[in-house]
Structures are given as structure tokens and as C-alpha cells.
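Worksheet: one structure, shown below.
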Amino acid sequence: MDMNIVVVSNFDSMSEEVAKIVIAQIRRKPSSVLGLATGSSPLGVYSLLEEYHNRGVDFSKIITFNLDEYVGLAGDHPQSYRYYMEQNLFARVNIKPEKTHIPNGIAQDLQEECRSYDETIRQVGGIDLQLLGIGSNAHIGFNEPGTPFGTTTHVVDLTESTIRDNARFFASRSEVPTQALSMGIKSIMHAQNIVLMANGGSKADAIFAALRGPVTPEVPASVLQLHPSVTVVVDQAAGSKL
Ligand code: GLP
């Protein structure tokens, strides 16, 4: 409803805009609960957060929940999202390890892992600010097209297009996991504030469909049109069809 759309020139300015929003949130509430994303889109944001930290911003009270994790990858696997977060953010700021949450992709009972993940988010009072990237098929987290909007954290079968998009990070396509754990659309929509970021022409169709098209589970990110506080930060290439 109240979508604030910011179009900037390139990846660096997108990263600066989003980092400023995160830092403002942390200054407003030092014990903020942040929802974090992986992929290439937030990498610039995380290195700017490290710079802010080096200049005095305190992360010691921050609580984080990541959107998703691959099924079958342990946290020390270089392509796991736990590993990504440790490398790109957690080891670079003074966040407390026990305050960081990422679904456990090697949990014995995946259903129970999903249930308790949503429960833990509830226990800390919900997410104050959720960062989102977007897949080229408009998925958010790993909520693929067709995922009902009422879904909470769940086990996902990845689509062919997502497996293909992510294959570049693995030695071969056959090594890309075929399942993931993902916060659901409903879990994401519970966040008080959401920032969606995208860069590059490969995201232009997804951004157009999400912001200007009908609200439908076939375009998972279109659900954000129903959220009361969303900021979309895109570079010119990703925003070229708006
Ligand atoms: C993955 C992640 C998403 C991410 C998307 C886009 O599938 N699960 O959370 O938004 O990829 O990734 P990138 O930012 O690398 O384009």
C-alpha cells in the first residue's frame, strides 16, 4: 500500500541506501531484530555495516534471523548460508554468535526445525526490519512461485530456475542442493518494516511484476504490495521497467 520506491544509479548507491536504513534502525533501537538475506545483492550492504561498526556502531544487542538455508549443508560448508553470513557479516561486527539465527539445514527433524524457527522469532517479539533480495522468478527467501501466502517457515523444493541461478556458486550443477528451509511468506510479512533490494537487468522483469503486476502467489514478491511499510531500493537496470 505504502510502498516507497527508490531508484539509484548502481550497486554501490543501492548498498549505501540500504545500509543507511539498517543503521537508522539500529540507532533507533540498539536491540533491533534484523531479518537478513544472502545472495550477491546484500554483499555491499554488509561491507558497509562493517565500516559503520568500525566507526562505532554497536551490534552487541542486535538479534538476527536469516531467511533461509540449504537442506543438507552444514554451517561450515562454504556454500551454506551460515558460512556466508559468518564470512560477510558476523565475523566483522561485534554481534553475539548466540543472537544469530539461521535455519539448520542438517537438523534431524526438518519440520520441527521450521516450527521452532518461527517460534523463536515470536519469542523475541518479531522482526523489526527485514532485508530481502529477489530471485529472477520473483521468489523471496526461497518461496518459489505458487507458494501460498499463508505459509510459515517450511521445507522447499527448489525450482529448476533457482537451481540454475545458484549453480554458479557450486563446482557443478549436481552439487546444488534441491531443497531448502525458508521463512514463509507469512513469516516475512510479519516483519514491521521490509527493505527489498535488487540490482541488474536480470531482475527487471521480477521487479516490474512484483511492484506493478497483480498480487498473486505466482509472483511471490507481489505480496509486498499488501505490507504497510516496504522500501524498495533498486538500481536503474533493475528498475528499468517501472
Ligand atoms: C537466493 C536466495 C534469495 C536471494 C536470491 C537472489 O535464491 N535464497 O534470498 O534473494 O537468491 O540472489 P542474488 O542476490 O544473488 O541475485
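All ligand and atom numbering here is 1-based and tracks the order in the structure.
Ion pairing between a basic and an acidic side chain is recognised when a charged N comes within 4.0 Å of a carboxylate O; E86 and R92 show no such pairing.
Among all non-hydrogen protein atoms, the one lying nearest atom 12 (O) of ligand 1 is G39 CA, 4.0 Å. Shortest contact from atom 14 (O) of ligand 1 to any protein heavy atom: S41 OG, 2.4 Å. If you check which protein heavy atom lies closest to atom 6 (C) of ligand 1, you get I134 O, 3.5 Å. In terms of protein heavy-atom proximity, atom 16 (O) of ligand 1 is closest to K203 NZ, 2.6 Å. Nearest protein heavy-atom contact of atom 3 (C) of ligand 1 is G141 O, 3.5 Å. For atom 8 (N) of ligand 1, the closest heavy atom belonging to the protein is D68 OD2, 2.8 Å. For atom 2 (C) of ligand 1, the nearest protein heavy atom (residue, atom name, distance) is Y81 OH, 3.7 Å. The nearest heavy-atom contact from the protein to atom 11 (O) of ligand 1 is H139 NE2, 3.8 Å.
Using bins of under 30°, 30° to 60° and over 60° for the plane-to-plane angle, the ring pair H77/F170 lands in the tilted bin. Ring geometry for Y70 against F142 counts as tilted: the plane angle lies between 30° and 60°, on a 0 to 90° scale.
Within 6.0 Å of atom CD in Q108, 12 or fewer heavy atoms from other residues, nucleotides or ligands are found, so the atom counts as exposed in its surroundings. Heavy-atom contacts from other residues, nucleotides or ligands closer than 6.0 Å to NZ of K61 number 12 or fewer.
With ligand atoms numbered from 1 in the order given, ligand 1 contributes 7 (O) to contacts under 4.0 Å with heavy atoms of N166. The distance from ligand 1 to the heavy atoms of R168 drops below 4.0 Å at these ligand atoms: 15 (O). Interface of G133 with ligand 1, defined as ligand atoms under 4.0 Å from a residue heavy atom, comprises 10 (O).
Where the criterion is an N or O separation shorter than 3.5 Å, residue side chain and backbone included, T38 fails it with respect to ligand 1.
Minimum interatomic distance between E113 and I102 (heavy atoms only, all atoms of both residues): OE2-O, 4.3 Å.
Each of E144, E160, E218 was checked for a side-chain hydrogen bond (donor to acceptor under 3.5 Å, both in side chains) with N137, and the lone residue meeting it is E144. The only member of T100, D76, T38, N66 that meets side-chain hydrogen bond (donor to acceptor under 3.5 Å, both in side chains) when paired with R82 is T100.
At a heavy-atom distance under 4.0 Å, atoms from both the backbone and the side chain of S40 approach ligand 1.
Hydrophobic clustering of Ile, Leu, Val, Met, Phe, Trp and Tyr side chains at less than 4.5 Å, counting indirect connections, keeps V7 apart from F11.
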